[in-house]
Amino acid sequence: MEGTSSTVIYRHFNAPSRGFTQFSHDIIRHPRLSSDAVRLLTWQLSLPQGARDCLSRTAERARIGATAFGRAKRQLKDEGFVHERRVQVGGGRWVTQQLVSGSPLTAAQAAKLLAREPVPSSQVAPSPRKPAVGPPTTPSADGHPKKDPEEDTSHPPAEAEKSPRAEEARALVGALPLLSPALRHIPPGMRTELARLAARWLDAGHTPTDVHEHVLRGLPGDGTPVHRPGGLVRYLLRDVPRRELPALTLPLPRVSGESVSVRLLGTRECAGDHTQTTLFRPVADETMCAVCVPHDEGPSPSRRAFQGFVHRPGHFGSRLNTALDQK
């Protein structure tokens, strides 16, 4: 620290002939104003008459930061060098008036000075309106919308609640974390959506085991971590395939070492007098077809109507062995 007894200072000052402003020593030597506050005040007082630069613009040009500017402005307002007020102008707009003075002013003195200044209004006149095309119409205020509201909503109701197997679908989704460690972190918020998708699989005839196996087949098998298991399950359950039922295979009866065609199953050879061998489908234990049974002993018309077909292989120019399928 410099000592007062060993330091001597000399000053050389020439009064400028132009581009200067007279300031009071009270501003430069003010004990409660920081250097930023003094610089902000002297910069404003040095502006030409009629300049409208606000305090924030002056702080920007003087390289004063936002925090330092806020502190300096608060000091100037506390000491009476700066006054602000909000007034409403035409069109309902609000503007801020700032008053900077070279000497401290009270609030009443500042209000009188601000009342003398006209408030500029930047309101823009509305442009002329273009007439609408066509005659004026009255907006409809009644009736129901034509479309189903579910089509326009971003979150339609869950279909799992409408499915008769909704509970089973929710249980299916709840068991997914037990299938693989990769499915342990499914978000709870996605379980309703996944249950809705799983219900579609169950409604299509798939079993919960089918759904679990399909999800397991879709998991990466090379140890690749699954970062979004809920999104992966949603992708796997998005499309519901058709459930292929196993084909029903019935053993064909054998007649003399030969297999009978499927279309001849349940038929019997008529014991009546026929030129060609005749097959018929009995209703009970009949041995003759409806043609060979005497009218008085034959079945009733309603029973005869439900008897099977009469097959005459000779009608097609072949014997009974032509109606048998070869192995």
Side-chain angles (χ1 to χ4, degrees), residues 1-139 141:
M1 184 175 179
E2 297 179 348
T4 57
S5 60
S6 60
T7 302
V8 180
I9 185 172
Y10 300 92
R11 299 176 180 85
H12 176 74
F13 175 75
N14 292 328
S17 58
R18 59 185 182 85
F20 64 92
T21 303
Q22 294 183 352
F23 299 108
S24 172
H25 292 171
D26 295 338
I27 295 178
I28 302 175
R29 303 173 186 176
H30 201 286
R32 291 179 299 275
L33 293 182
S34 63
S35 59
D36 291 329
V38 173
R39 179 172 173 79
L40 189 64
L41 178 58
T42 55
W43 192 301
Q44 277 284 329
L45 295 177
S46 66
L47 294 176
Q49 190 72 19
R52 297 301 180 187
D53 289 358
C54 60
L55 292 175
S56 59
R57 173 57 179 163
T58 300
E60 181 182 352
R61 296 176 61 187
R63 306 289 181 88
I64 300 176
T67 304
F69 166 67
R71 188 184 305 110
K73 181 180 177 181
R74 187 165 53 252
Q75 293 176 0
L76 294 175
K77 293 177 67 174
D78 293 341
E79 298 300 327
F81 291 99
V82 173
H83 294 269
E84 280 186 334
R85 73 170 184 176
R86 295 271 294 173
V87 294
Q88 190 173 16
V89 297
R93 296 178 60 254
W94 289 83
V95 297
T96 301
Q97 286 183 312
Q98 292 180 341
L99 174 63
V100 180
S101 63
S103 58
L105 299 176
T106 62
Q109 294 173 339
K112 291 181 180 180
L113 293 176
L114 289 174
R116 301 175 186 174
E117 299 293 334
V119 180
S121 177
S122 58
Q123 183 180 7
V124 180
S127 58
R129 298 180 57 184
K130 296 182 179 180
V133 179
T137 58
T138 304

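Heavy atoms only, all atoms of each residue included: Q44 and C54 are closest at NE2-O, 3.4 Å. Taking each heavy atom of S101 and G80 in turn, the nearest pair found is OG-O, 3.8 Å. Minimum heavy-atom separation, A72 to D36: CB-C, 3.9 Å. Smallest separation of non-hydrogen atoms from L55 and Q98: N-OE1, 3.2 Å. When all heavy atoms of F81 and G102 are compared, the pair lying nearest together is CE2-O, 3.8 Å. A pairwise comparison of heavy atoms in Q75 and A37 identifies OE1-CB, 3.5 Å as the closest pair.
Rounded to the nearest 0.5 Å, atoms CZ (F23) and CZ (R29) are 14.5 Å apart. To the nearest 0.5 Å, atom NZ of residue K112 and atom OG1 of residue T106 are 8.0 Å apart. Annotation: the span from L114 atom CG to H83 atom NE2 amounts to 8.5 Å, rounded to 0.5 Å. Residue K73 holds its NZ atom at 9.5 Å from CG of L40, rounded to the nearest 0.5 Å.
Two residues are said to be in side-chain contact when any heavy atoms from C-beta on lie closer than 4.5 Å; I27 and T42 meet this criterion.
Just one of L41, T58, L76 meets the side-chain contact (heavy atoms from CB on, under 4.5 Å) condition when paired with V100; it is L41.
Within 6.0 Å of CZ in R63 there are 12 or fewer heavy atoms belonging to other residues, nucleotides or ligands.
Between R32 and D78 there is no salt bridge, since none of the side-chain N atoms of the basic residue sits less than 4.0 Å from a carboxylate O of the acidic one.
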